[in-house]
Amino acid sequence: MSVLAYDLGAGSGRAILGHLTDREIQIREIHRFKNEPVKAGERMHWDILRLHHEIIQGLLLVKQQGESPVSLGIDSWGVDFGLLGSNGELLGNPYHYRDTQFNGVMDRICQELSRKKIFERTGIQFLPFNTLYQLAALTHRASPLLREAERFLMIPDLLRYFLTGEAVNEFTNATTTQIYNPVLGQWDHELLAHIGASNHWFGEVVLPGTAVGQLRSSVSQELGLASIPVIAVAEHDTGSAVVAVPATERSFAYLSCGTWSLMGTELEQPVINAESLELNFTNEGGVGGTYRLLKNIMGLWILQECMRQWERDGQGISYEALLAEAETAPPFVSLFDPDDDLFLPAGDMVDRIRQYCRKTGQRVPEDQGSVARAILESLVLKYRRVLEWTEQLSGQSFSGLHMVGGGIQNHLLCQWTANSIGRPVWAGPAEGSAIGNMAVQWMASGTFKDIWEARNAIRHSFPVKEYEPQDRSVWAEAYGRFLQIIASAPSLHSGSEV
């Protein structure tokens, strides 16, 4: 039984075909494509029609390879959205979450409503690009888009709508918006009213595994395909990645690592209290009625931006060569908080890292290897801090950490994560979001009875590499120094990270 998973990340997308036989999953990449933001004037957008085109190309390649998937599903990053007009057509290209028009909006809304009230109603981490603040920015500047809007769709909802004509919102991605109330189980009309967003834009929220139509006849006829059912999977890519965590115990910690790093655990109920508010954790919807208690960490975005800057400066270096230089660079020379607001916007990350180090009285990294080492060491030390917080909030104790996602191909990151947390790291599978996407499709068809049967099949189908911690005392000393450094930079970090 074959299914087709589209997994869209903030830098690239892929179409992956999954085949299930005798409870063993085999996957094959059908199509891979770039997903790059487009700057038009002062605004940064997603090229949503290009993404739709690439999805169609994936279907065409599936047909050319003689495959007949029984369903397809789409997952992507969260928070971003498109608006449909009364004629069902898209009103403008969706904005990119790093667009500068959203700067400062979170602080204004939090002053008006208070962080406590917003968190009690949503349970979501405060990030300046959350959908709540994006919509508030549009209403504040009286965007003409809002005068014509009739329907709000998240990115996977929108791409699914292009394929099927069915406009519905999916649960896991809806919960990332900070306008969904998990206690009431619906969009939060009070928050929407405060920012001037119309309730009627927000429609039905369906659970992962819901069938939401089939390919439009125009798409099927154009490609010469039978009409394929489209499933609303766990459409937030982290939600899909967590489905693919090959855990054997109900209590487990995960790290989905790529452009962003997301660390947390899976619970039956959200944790919405003063402590989770203070630590700025989030409670996002999961599969099977679960919630993902987790925290966003800036992730490999910082390294990716450094590499882009070096390329612009004519000093481009391959990923493999950079990691080799990082491994031989002096350890623990330059540490910083990767979640400092300094590192959120696109731009010259190399200069910003040096700026942070100068302001905190550290040696400034000069060569590429030293910069890369500073990034990776700072990331894994932050992982330890967030893992400790996750145990504190969930009341659980974790024997190790499951790492999934493309970041696990960075073996230095995996080993240093084990060193930093002082516990084993189990790395795999790399295509976690796509595999979780497939698993929900198989759950929808009844092939898997639940998420744990799916995880069992995933565990037996994909290799998991174990990393044992090394040099524990050295890393423990570095962790203590890391905490002192980020505590000494209150003017730089986001305010709730120490």
Side-chain angles (χ1 to χ4, degrees), residues 3-10 12-16 30-38 45-63 69 71-97 131 145 148-174 177 201-206 208 210-237 240 433-434 437 440-441:
V3 296
L4 181 60
Y6 288 96
D7 175 34
L8 308 179
S12 66
R14 51 217 144 264
I16 298 180
I30 299 294
H31 185 40
R32 182 175 287 263
F33 46 93
K34 289 184 177 180
N35 179 23
E36 298 175 321
V38 177
H45 298 270
W46 293 108
D47 193 350
I48 194 71
L49 298 183
R50 167 55 57 179
L51 292 178
H52 173 61
H53 171 77
E54 299 294 358
I55 286 173
I56 297 297
Q57 290 302 111
L59 283 167
L60 185 60
L61 289 168
V62 165
K63 175 195 171 184
S71 64
L72 69 85
I74 304 169
D75 68 79
S76 85
W77 67 97
V79 307
D80 291 335
F81 60 91
L83 297 169
L84 303 181
S86 58
N87 59 359
E89 293 187 8
L90 178 64
L91 302 173
N93 275 315
Y95 292 111
H96 191 290
Y97 60 84
T131 316
L145 295 176
E148 303 297 327
E150 292 289 333
R151 197 70 173 82
F152 166 97
L153 294 175
M154 305 291 283
I155 294 298
D157 300 330
L158 182 59
L159 292 168
R160 179 165 29 79
Y161 167 76
F162 289 159
L163 291 178
T164 67
E166 300 290 336
V168 298
N169 296 101
E170 185 274 329
F171 172 66
T172 65
N173 227 353
T177 61
W201 299 342
F202 300 84
E204 178 188 8
V205 177
V206 301
T210 303
V212 286
Q214 299 184 329
L215 291 185
R216 293 175 187 255
S217 58
S218 58
V219 175
S220 296
Q221 290 168 11
E222 176 190 350
L223 299 177
L225 284 170
S227 190
I228 302 171
V230 179
I231 307 298
V233 295
E235 289 189 343
H236 187 217
D237 52 6
S240 278
S433 293
N437 178 323
V440 173
Q441 293 186 58

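Predicted, not measured: the structure shown is a model, and the values here were computed from it. Sequential numbering from 1 along the given sequence is applied to the chain's residues.
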message = As a quick check of understanding, evaluate side-chain contact (heavy atoms from CB on, under 4.5 Å) for Asp157 and Phe81, giving each step before the final call.
response = CA-CA 9 Å; Asp157 300 330; Phe81 60 91; over 6 Å; no
inquiry  = Assess the residue pair Leu215 and Leu59 against the criterion (side-chain contact (heavy atoms from CB on, under 4.5 Å)); give the C-alpha distance rounded to whole Å, side-chain angles, the decisive distance to 0.1 Å, and a yes or no.
reply    = CA-CA 11 Å; Leu215 291 185; Leu59 283 167; 4.2 Å; yes
key: Residue pair Leu158, Trp46: steps toward the side-chain contact (heavy atoms from CB on, under 4.5 Å) verdict   = CA-CA 12 Å; Leu158 182 59; Trp46 293 108; over 6 Å; no
ask   = Given Leu72 and Leu163, is the side-chain contact (heavy atoms from CB on, under 4.5 Å) satisfied, shown in steps?
value = CA-CA 11 Å; Leu72 69 85; Leu163 291 178; 4.0 Å; yes
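Closest heavy-atom contact between Ile55 and Tyr6: O-OH, 2.6 Å. In this structure, Gly78 and Asn173 approach most closely via the heavy-atom pair CA-OD1, 3.3 Å. Considering all non-hydrogen atoms of both residues, Ala15 and Phe33 come closest at N-CE2, 4.5 Å. The minimum heavy-atom distance linking Ala5 with Ala434 is given by the pair CB-O, 3.6 Å. The two atoms that bring Arg151 and Asn169 nearest to each other are NH1-OD1, 3.1 Å, heavy atoms only.
Asp75 places no side-chain N or O within donor-acceptor distance of the main-chain N or O of Ala234, the cut-off being under 3.5 Å. Using a distance-only test at 3.5 Å, with no hydrogens or angles considered, no donor-acceptor pair links the side chain of Tyr161 to the main chain of Leu153. The backbone N or O of Thr131 lies less than 3.5 Å from no partner atom in the side chain of Thr177, so there is not a single donor-acceptor pair. With hydrogens and angles ignored, the 3.5 Å screen pairs no side-chain donor or acceptor of Asn437 with any backbone N or O of Ser240. Remark: the backbone N or O of Val233 is not paired with any side-chain donor or acceptor of Gln441 at under 3.5 angstrom.
Using a 4.5 Å heavy-atom cutoff, the side chains of Leu159 and Leu8 are in contact. Counting only heavy atoms from C-beta outward, the side chains of Ile56 and Leu223 approach each other to under 4.5 Å. The shortest distance between side-chain heavy atoms of Pro208 and Thr172 falls below 4.5 Å. The shortest side-chain heavy-atom distance between His31 and Glu54 falls under the 4.5 Å cut-off.
Listed by chain and number, the residues in a side-chain hydrogen bond (donor to acceptor under 3.5 Å, both in side chains) with Ser12 are Arg14 (sequence neighbours excluded). Applying the ring pair (Phe, Tyr, Trp, His ring centres under 6.0 Å) rule to Phe202 yields the partners Phe152, Trp187; only residues at least two apart in sequence or on another chain are considered. A search for side chain to side chain contact (heavy atoms under 4.5 Å, CB included) contacts involving His53 returns Arg50, Gln57, not counting sequence neighbours. Evaluation of the side-chain hydrogen bond (donor to acceptor under 3.5 Å, both in side chains) rule for Ser227 yields Gln214 as partners, not counting sequence neighbours.
To the nearest 0.5 Å, atoms CZ (Arg32) and CG (Asp7) are separated by 9.0 Å. To the nearest 0.5 angstrom, Asp47 atom CG is 8.5 Å from Asn35 atom CG. Atoms OG and CD1, on Ser71 and Ile231 in that order, are 5.0 Å from each other to the nearest 0.5 Å. Considering OG1 of Thr210 and CD of Glu204, their distance stands at 8.0 Å, rounded to 0.5 Å.
Pairs passing the salt bridge (charged side-chain N to carboxylate O under 4.0 Å, His left out) check and including a residue from residues 215-236, sequence neighbours excluded, read Arg160-Glu235.
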Without placing hydrogens or testing angles, list every side-chain donor-acceptor pair under 3.5 Å for residues 82-95, not counting sequence neighbours.
from  : atom 1 : to     : atom 2 : distance (Å)
Asn87 : OD1    : Glu89  : N      : 3.0
Tyr95 : OH     : Arg141 : NH2    : 3.1

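Sparse packing is recorded around CD of Glu148, with 12 or fewer heavy atoms of other residues, nucleotides or ligands lying under 6.0 Å away.
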